[in-house]
Amino acid sequence: MLHLLGVITVKDNADDDFEMTVVCHRPEGLDKLEAQTNFNKRELQVLYRGFKNECPSGAVNEDTFKQIYSQFFPHGDKWTDKCYASTYAHYLFNAFDTGHTGSIKFEDFVTALSILLRGSVTEKLQWTFNLYDINRDGYINKEEMMDIVRAIYDMMGKFTYPVLKTDAPKQHVDAFFQKMDKNRDGVVTLDEFILSCQEDENIMRSLQLFENVI
Amino acid sequence: MAAGVATWLPFARAAAVGWLPLAKKTMPKPPVDNSSRSDEILYVNVSGVRFQTWKNTLDRYPDTLLGSSEKEFFFNEETQEYFFDRDPEMFRHILNFYRTGKLHYPRYECIQAFDEELAFYGIVPEIIGDCCMEEYRDRKKENQERLAEDSEANEGTDAPLPPDSTSRERLWRAFENPHTSTMALVFYYVTGFFIAVSVIANVVETVPCRPPKGSVKDLPCGEKYQLAFFCMDTACVLIFTFEYLMRLFAAPSRCKFMRSVMSVIDVVAIMPYYIGLVMPENEDVSGAFVTLRVFRVFRIFKFSRHSQGLRILGYTLKSCASELGFLLFSLTMAIIIFATVMFYAEKGTKGSTFTSIPASFWYTIVTMTTLGYGDMVPNTIAGKIFGSICSLSGVLVIALPVPVIVSNFSRIYHQNQRADKMRAQQKVRLARIRMAKKGTTNAFLQYKEDRGLGDRDSDSTALCVKNRSAFEHQHHHLLHCLEKTTNHEFTDEGTYSELCMTDSVGFRTSRSTSLSSHQGAQNNSTGCCPRRARRRAAIRLANSTVSVSRGSVQELDTLHLKTTSIPAQTRSSLNAQGVNLKLNCGEQDFSAAIISIPTPPANTPDESLPPSPVPIPGILRNTRATTFTHETVKISSL
């Protein structure tokens, strides 16, 4: 009996697995999304059409995400077959995938875009903090920052001017911590981060740049 | 760029916010986007079938017609849609390319039509998706091969030679295409006959004849009737040598000719005879001489000039060279393996015929090709087992490349059949097309008549004029302008060839005869040389320099004109002959050839004044006639 059940369940699992890959994910209604984000209906429609075209199944997994993001930056090393932008894309993916499901659905996509393009300064900075805080513990420490900065420098590819020195990321991180870490405890908290950024006029100004992307 | 990139760019730009706190320098200003960002539905009307799509979809590929501003040229303000006068079925595939990013090739469509559509919409065929790429490539290659063959067949052979070709060219032509002239045909058959005679003689001279008196031994006929055979051989070789030398003389490129296969065969066929003549009657050398005689059998290959089937077989073998090579290689491998095995299997047996591995080669070959002579037979059990494996594998190895060779042969054979059929039908096709085309040129000449008529009688002009469309009016006006520009007139082949002849012979006399045949009493010999009947010489239109609508391009290309030698001096005579002309127009053939006749400077042809003395159009010099090289107008636009 149990054996039979076992057999049946095993079969069901296999079927389920198969179905999971085929079943599309449908986003919540347009009205709900409009309420949750700062986009109007038309913009949501445009966004969804593009999204659906690229991912008919309704969700982006990490590999596809990396591939898409890599298209915008110099291509990777031919020999190791590694894209330069893949590390940063990995961090981005985690930032988008707020529910840690392993795939970005349209809601996640639109929510993040809404913050980045239409959100308030605080929201944007908060999102950025989340991006930098790789382990989501509320603090950015030097190692996390090193990873992020190295990933960003990697995106530049091999051929840069002036030639990229190996300690450039370290210097960059040190400068960053100098600025952000107010109480010199070796980590940056969200409040420190927001405060420091608000003090920097350059950052404030550039935050406004990306508002009309869509 | 992939389709997706355009869609994801906004997202990538948004993600750049993540870099801002780290930035060492200030960010650059973003580009200002003035175009309306709102997405809208575009209506595309393709020959009545309305397609609708988002503007963004089309914008994905900005280097195509639909993605760029080029489509604005097709925008219809009244209906607010883009109108394309093209095939809606094909457009479906094109639009799907924008939507899905993959271009598919529909198998039921003609490859050329598809290519044309792609070219129109600015899409490079290389982006056809992998699923359809192979099919597309195959069909394209097939089509190109077919077209190349057809054009070769067209160019060949049956067009008449230009009159100014040298005797050398004519000779070459006669050799390559025996059915162009009777002499060539006769020569063709004679050589064929002699090849057969030579081959039969070679065969017969080895047959044993009755021994001559006083001898018991049977002699081969070759030795009994030595003189007779020698004479026959000499005659054949003389003919072959003569033929080879003539071909060598006539060949347009002697080096190429000498390297060609047929010429090599010719040489090999006749060399043994000459070598035999030169060689002394030496015992040692005569052995080699006997070997040389074997080469005489190559004469049989000369038949391939006479037989198309042989040529096809030759092509097949050449095109299957790789398969044959593979067959040979695999057979060699198998032979060596099995010979070795058989040798060692049969080694111990007493009186075994497998004395060495090379000796076993013979057994292996005979077994693998399933001949089985039985002169070498394995006696041990192991030998028999391996022998059976050998024969089974032989069947397989030989059977494998054969279908490839067969299919190649079948393809080439069918191609040849097609080429022959097309050649045969070509003449009929051309004739029928020419007849259909006569209408337009008829119309023009008719128009010219009518204009002449019209000068006198406006009513009839009006009638005639009404029957022509606006297009025809403009077309005729255009031709008229050309006539005025070049100071020459359109005419037809008949008159032109007359002009050629009369130029060489003497202008006046033949003309007068021709004229008198046409018209009645009126003759134009009203004076000395300046007065001549104006001839409308055939004028060749500059190829498609006239930009008219597409339909008319065809007509222009095939503008064959009739030449009618009309006595130019009086329009009245023209009128009288108006009817005749029309009839003539209907029957005569057109040749689009322009002859530029040098007009005497003082005289200008003036058609509109009928009775005024018509200046002499100038004599068609013989030289000019000869420089007029017949680029025989092919009806290319059909």
Side-chain angles (χ1 to χ4, degrees), chain A residues 42-43 45-47 49-51 53-55 64-65 67-69 71-73 85 88-89 91-92 95-96 109 112-117 119 124-125 127-132 145 148-149 152 155 172-173 175-176 179-180 193 196-197 200-207 209-214, chain B residues 1-42 51-63 66-67 95-104 127 129 131:
Chain A
R42 279 203 76 144
E43 290 167 333
Q45 281 178 341
V46 171
L47 282 172
R49 278 205 304 274
F51 185 83
N53 240 328
E54 297 309 310
C55 321
T64 319
F65 187 87
Q67 248 179 336
I68 292 169
Y69 198 70
Q71 287 170 32
F72 298 102
F73 299 101
Y88 187 68
Y91 298 130
L92 258 187
F96 270 79
F109 180 68
L113 276 184
S114 163
I115 296 174
L116 288 172
L117 300 176
K124 287 183 189 172
L125 290 175
W127 189 90
T128 316
F129 184 86
N130 269 329
L131 172 67
Y132 296 160
M145 215 49 229
I148 297 273
V149 171
I152 293 179
M155 269 199 296
H172 203 130
V173 170
F176 177 80
K179 198 165 68 169
M180 301 285 168
F193 184 72
S196 316
C197 289
D200 187 341
E201 271 184 30
N202 275 342
I203 296 178
M204 285 296 114
R205 222 192 340 252
S206 33
L207 277 175
L209 283 178
F210 294 94
E211 289 193 344
N212 60 344
V213 162
I214 290 188
Chain B
M1 285 236 291
V5 174
T7 327
W8 290 97
L9 185 59
F11 141 73
R13 292 178 72 198
V17 170
W19 306 337
L20 296 179
L22 290 168
K24 286 189 187 167
K25 307 225 172 100
T26 44
M27 293 284 153
K29 278 212 168 76
V32 177
D33 199 349
N34 285 331
S35 66
S36 70
R37 293 314 238 105
S38 67
D39 205 6
E40 44 170 342
I41 292 187
L42 296 181
F51 295 88
Q52 297 172 8
T53 181
W54 291 108
K55 186 166 179 297
N56 276 358
T57 312
L58 294 182
D59 286 344
R60 283 207 202 136
Y61 297 99
D63 52 351
L66 290 170
L95 200 51
N96 276 339
F97 163 62
Y98 286 90
R99 291 177 183 145
T100 62
K102 277 209 278 223
L103 181 61
H104 294 279
I127 46 178
C131 43

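Numbered from 1 within each chain, the chains take letters A, B, ... in sequence-line order.
- Using a 4.5 Å cut-off between heavy atoms, W54(B) contacts chain A through its side chain alone, with no backbone atom that close.
- Only the side chain of I152(A) comes within contact range of chain B, with at least one heavy atom under 4.5 Å from a heavy atom of that chain.
- With a 4.5 angstrom heavy-atom cutoff, Y91(A) does not touch chain B via any of its atoms.
- Closest heavy-atom contact between I41(B) and Q52(B): CG2-CB, 4.0 Å.
- Chain B forms more heavy-atom pairs under 4.5 Å with one residue of F193(A), F96(A), Y132(A) than with any other, namely Y132(A).
- For the side-chain hydrogen bond (donor to acceptor under 3.5 Å, both in side chains) test, no residue two or more places apart in sequence or in another chain qualifies with S206(A).
- The two atoms that bring I148(A) and L131(A) nearest to each other are CD1-O, 3.6 Å, heavy atoms only.
- Between the CD1 atom in I115(A) and the OG1 atom in T128(A) there is a gap of 10.0 Å [rounded to 0.5 Å].
- Contacts of S196(A) classified as side-chain contact (heavy atoms from CB on, under 4.5 Å), with partners at least two apart in sequence or in another chain: M180(A), K182(A).
- Contacts between F129(A) and chain B at a heavy-atom distance below 4.5 Å are absent for every atom of the residue.
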